[in-house]
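When a residue number appears, it is its place in the shown sequence, counting from 1.
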Amino acid sequence: MGQTLGDIAATLIGLSGVAVIIGVIFIRRGDRVWHPRMMLTATALAALFLVFYLLKWGLYGTTRYVGPQEWRGAYYLLLITHTLLAALNGPLVVWLIYNALKGRFNVHKPWARWTVPIWLYVALTGWVIGLVLRHYGESAGSIRF
Ligand code: HEM
């Protein structure tokens, strides 16, 4: 069950990244109707990711990396940058949506240029971390000999 929740969370964060890319394509084409719709969908998917992630965390605890030793450093670098940027992404997205809804697109645009790459990094690394733990993860709460 813990694995399933983790898989669902990884899928949701990956899908939110796809929705962001589609949202950017819409605004590049000048579509001011479907751009907000797609970005709000991406936000909902990211929020759902958080729900599933926290549910997994609360019910099953964290998952430890038990894969090849030579990949350990790279894995933790990915995990730390993912977590820090994910925490930063939350307030950035709230700020972006707030300014967009107020019609302040002169503020929305420059912040959006920073937020989109951060979001895509978080989504991609979240998906990769989920994939890595699927193969090389072990419940941190399990008994070890
Ligand atoms: C988290 C959600 C959002 C993200 C990541 C996002 C991202 C972006 C990006 C990357 C651009 C293009 C900036 C550029 O030209 O370089 C943009 C422009 C724009 N966004 Fe968003 N957006 C979001 C939510 C919204 C919402 C909710 C609305 C509407 C209520 C909106 C309306 C617009 C409009 C109208 C533009 C064009 C502004 C202009 O060209 O003057 N966006 N957004």
Discussion item. Applying a strict under-4.5 Å side-chain criterion to I, L, V, M, F, W and Y, I'd like to know whether Val116 and Ile22 cluster together.
Written reply: no
Response to the item:
Distance col, row Leu79:CG vs Ile129:CD1, nearest 0.5 angstrom, shows 5.0 Å
Worksheet item: Under the side-chain contact (heavy atoms from CB on, under 4.5 Å) criterion, do Thr83 and Ile80 qualify, and how do the steps go?
Response: CA-CA 5 Å; Thr83 310; Ile80 290 165; 5.8 Å; no
Worksheet item: Judged by modelled atom types alone, do Thr11 and Trp127 share a side-chain donor-acceptor pair under 3.5 Å?
Response: no
Response to the item:
Between Val20 and Ala42 the two heavy atoms that sit nearest each other are CG2-CB, 3.7 Å
Item to complete: Evaluate the criterion side-chain contact (heavy atoms from CB on, under 4.5 Å) for residue pair Arg32 and Phe105; output intermediate values, then yes/no.
Response: CA-CA 12 Å; Arg32 289 177 172 232; Phe105 298 112; 4.3 Å; yes
Discussion item. Is there a side-chain contact (heavy atoms from CB on, under 4.5 Å) between Val24 and Met39? Walk through the geometry before answering.
Written reply: CA-CA 8 Å; Val24 169; Met39 288 313 193; 3.8 Å; yes
Worksheet item: Out of curiosity, Leu48 CG to Leu55 CG, how far, rounded to the nearest 0.5 Å?
Response: 11.5 Å
Practice prompt. Indicate, with yes or no, if Leu54 and Val94 share a hydrophobic cluster defined by side-chain heavy-atom contacts under 4.5 Å among Ile, Leu, Val, Met, Phe, Trp and Tyr.
Written response: no
Worksheet item: In terms of heavy-atom contacts, does CZ of Arg134 have more than 12 from other residues, nucleotides or ligands at under 6.0 Å?
Response: no
Worksheet item: Tell me, do His82 and Val122 make a side-chain contact under 4.5 Å, heavy atoms counted?
Response: yes
Discussion item. Contact between Leu133 and Tyr75 at the side-chain level, heavy atoms closer than 4.5 Å - yes or no?
Written reply: yes
Worksheet item: Below 4.5 Å, heavy atoms only, C-beta onward: do Trp34 and Ile27 meet side chain to side chain?
Response: no
Discussion item. Would you say that Tyr65 contacts Trp71 through its side chain, given a criterion of any heavy-atom pair below 4.5 Å between the two side chains?
Written reply: yes
Discussion item. Nearest 0.5 Å, please: how far is OG1 in Thr125 from CG in Leu78?
Written reply: 5.5 Å
Fill in: Any Leu84 side-chain heavy atom under 4.5 Å of Leu88 side chain
no
Practice prompt. Measure the shortest side-chain to side-chain distance between Pro36 and Phe26 over non-hydrogen atoms and say whether it is less than 4.5 angstrom.
Written response: no
Item to complete: Could you grab the distance from atom CZ of Arg113 to atom CD1 of Ile118, nearest 0.5 Å is fine?
Response: 14.5 Å
Item to complete: Decide yes or no for Trp114 and Leu92: does some side-chain heavy atom of the first lie under 4.5 Å from some side-chain heavy atom of the second?
Response: no
Worksheet entry | Reported CE-to-CG distance for the pair Met38 and Asp31, which is rounded to 0.5 angstrom | 9.5 Å
Item to complete: With side chain to side chain donor-acceptor pair (under 3.5 Å) as the test, would you mind laying out the steps for Trp119 and Ser16 before giving the verdict?
Response: CA-CA 9 Å; Trp119 195 331; Ser16 95; 3.1 Å; yes
Worksheet item: Applying the 4.5 Å side-chain criterion to the ILVMFWY set and letting contacts propagate, would Phe52 and Leu59 be lumped into a single cluster?
Response: yes
Worksheet entry | Minimum heavy-atom distance Gly126-Ala10, with the two atoms named | O-CB, 4.4 Å
Fill in: Shortest non-hydrogen separation from Gly137 to Val66 and the atoms involved
C-CG2, 4.1 Å
Worksheet item: Do you reckon Ile97 sits in the same ILVMFWY cluster as Trp95, going by side-chain contacts under 4.5 Å, direct or chained?
Response: no
Worksheet item: Going by atom types alone, do Thr4 and Lys56 pair a side-chain donor with an acceptor below 3.5 Å?
Response: no
Worksheet item: With hydrophobic residues grouped by side-chain heavy-atom distances under 4.5 Å, do Leu50 and Leu12 end up in a single group?
Response: yes
Fill in: Phe49 to Ala9 - nearest heavy-atom pair and separation
CD1-O, 3.1 Å
Worksheet item: Which is it for Thr41 and Leu45 under the side-chain contact (heavy atoms from CB on, under 4.5 Å) test, yes or no, and what are the steps along the way?
Response: CA-CA 6 Å; Thr41 303; Leu45 286 166; 4.2 Å; yes
Discussion item. I'd like to know if the side chain of His108 and the backbone of Asn99 have a donor-acceptor N/O pair within less than 3.5 Å.
Written reply: no
